[in-house]
Amino acid sequence: MAWFTLMPDVPADNADNTWDNTTDPPTLVSVVFSFVASVETELFSSGLGGIHGVTEPLAEALAATDFIGYRLVPATGERSIYYQDRAEIGGGDVGPDPLTIPTTLFALEIHGRGGIDDFAETRRLVLSERATDFLCARDPGLSALRGEIDETGRMKGSISDIFRGIGPR
């Protein structure tokens, strides 16, 4: 079986996580994403915190699959203190603030085992071929940053080839 990673947009500079430490292992309870850019894709990541998020349509679609290795966790979004609107950057009247944050978000608590489950995390997001195909079919833009990896998360081919969109498929 082939394994892949995706490198989704990173519109959130941080994700504050709340964990239930009474469970073993601890369970993610909620996430607050702090956005510096609009959410334009169904799958996204946060820079700090390393949490992957999904929009409500993708969460509903994932829930209808039999993929294993993840759990959907309620999340919210807020404007980051580091966000600058267009007026602050360019000055003058540039229209309404363009920051778009969906009202319903979910975080992906990834607990799968690399090389076994559909969702796992080692050094990076590790996805089965079928999960990768599913996500790329919903968002063709993800295909450009799709890289083949082994079950430990190591890239097959050079990372520069992956970023040019010509790496292993």
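Since the structure is predicted, the reported quantities are computational estimates derived from the model, not experimental observations.
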(message) When you compare the side chain of Asn14 with that of Ser46, does any pair of heavy atoms fall below 4.5 Å?
(response) no
(request) Evaluate side-chain contact (heavy atoms from CB on, under 4.5 Å) for Phe119 paired with Leu62, printing each intermediate quantity in order. (result) CA-CA 11 Å; Phe119 285 77; Leu62 284 169; 4.0 Å; yes
(message) Assigning hydrophobic clusters by single linkage (Ile, Leu, Val, Met, Phe, Trp, Tyr; side-chain heavy-atom cutoff under 4.5 Å), is Leu142 placed with Val39?
(response) no
(message) For Tyr70 together with Phe106, are the ring centres under 6.0 Å from each other?
(response) no
(message) Checking Ser34 against Leu48 for the side-chain contact (heavy atoms from CB on, under 4.5 Å) test, could you report, in this order, the C-alpha distance in whole Å, the side-chain angles of both residues, the deciding distance, and whether it holds?
(response) CA-CA 10 Å; Ser34 296; Leu48 299 173; over 6 Å; no
(message) Looking at Thr22, is its backbone amide N or carbonyl O close enough to the side chain of Asp20 to form a donor-acceptor pair, meaning the two atoms are under 3.5 Å apart?
(response) yes
(message) Looking at every non-hydrogen atom in both residues, tell me the closest pair between Ala137 and Pro140 and how far apart they are.
(response) O-CD, 4.2 Å
(message) As an exercise, state the distance from OG1 of Thr55 to CZ of Phe44, rounded to the nearest 0.5 Å.
(response) 7.5 Å
(message) Please give me the minimum heavy-atom distance between Gly53 and Phe33, naming the atom from each residue.
(response) CA-CZ, 3.7 Å
(request) For residues Glu40 and Pro11, determine if any side-chain heavy atom of one lies less than 4.5 Å from a side-chain heavy atom of the other. (result) no
(message) Within the 3.5 Å criterion, strictly below it, is a donor on Asp13 or Ser80 matched to an acceptor on the partner's side chain?
(response) yes
(request) Find out if a path of hydrophobic residues (ILVMFWY) with successive side-chain heavy-atom gaps under 4.5 Å connects Phe134 to Leu6. (result) yes
(request) Locate the shortest heavy-atom distance separating Phe4 from Glu148; write the atom from each residue and the value. (result) CD2-CA, 3.7 Å
(message) Quick check for you: to the nearest 0.5 Å, what is the distance between Arg79 atom CZ and Phe35 atom CZ?
(response) 12.5 Å
(request) State whether the side chain of Thr5 and the backbone N or O of Gly147 hold a donor-acceptor pair below 3.5 Å, judged by distance alone. (result) no
(request) Mind listing the closest non-hydrogen atom pair of Glu121 and Gly50 along with its distance? (result) OE2-O, 4.1 Å
(message) Other residues, nucleotides and ligands only: do more than 12 of their heavy atoms fall within 6.0 Å of CZ on Arg154?
(response) no
(request) Let me see the working for Leu72 and Leu108 under side-chain contact (heavy atoms from CB on, under 4.5 Å), right down to the final yes or no. (result) CA-CA 5 Å; Leu72 294 167; Leu108 289 176; 3.6 Å; yes
(request) Report yes or no: does Asp118 contribute a side-chain atom to a donor-acceptor pair with the main-chain N or O of Ile68 at less than 3.5 Å? (result) yes
(message) I'd like to know if the side chain of Glu56 and the backbone of Thr104 have a donor-acceptor N/O pair within less than 3.5 Å.
(response) no
(request) Of all the heavy-atom pairs spanning Ala59 and Val54, show the shortest one and how long it is. (result) CB-CG2, 4.0 Å
(message) Any side-chain to backbone donor/acceptor pair from Arg71 onto Leu28? Under 3.5 Å, distance only.
(response) yes
(message) Let me confirm one number: the CD1-NE2 distance from Ile110 to His52, rounded to the nearest 0.5 Å.
(response) 4.5 Å
(request) Indicate, with yes or no, if Leu127 and Met7 share a hydrophobic cluster defined by side-chain heavy-atom contacts under 4.5 Å among Ile, Leu, Val, Met, Phe, Trp and Tyr. (result) no
(message) Would you say Leu135 ends up clustered with Leu125 if hydrophobic residues are merged whenever their side chains have heavy atoms under 4.5 Å apart, either directly or through other cluster members?
(response) yes
(message) Are Arg146 and Asp133 packed together at the side-chain level, in the sense that at least one heavy-atom pair is separated by less than 4.5 angstrom?
(response) yes
(message) Using side-chain contact (heavy atoms from CB on, under 4.5 Å), reason through Thr27 and His111 one step at a time and then give a plain yes or no.
(response) CA-CA 10 Å; Thr27 304; His111 55 79; over 6 Å; no
(message) Quick check against the 3.5 Å criterion: does Ser45 have a side-chain atom that pairs as donor or acceptor with the backbone of Val10?
(response) no
(request) Could you state whether Val126 and Phe67 fall into the same hydrophobic cluster, counting links through intermediate Ile, Leu, Val, Met, Phe, Trp or Tyr residues with side-chain heavy atoms under 4.5 angstrom apart? (result) no
(message) On a heavy-atom basis, which atom in Ala120 and which in Gly114 lie closest, and how many Å separate them?
(response) CB-N, 3.4 Å
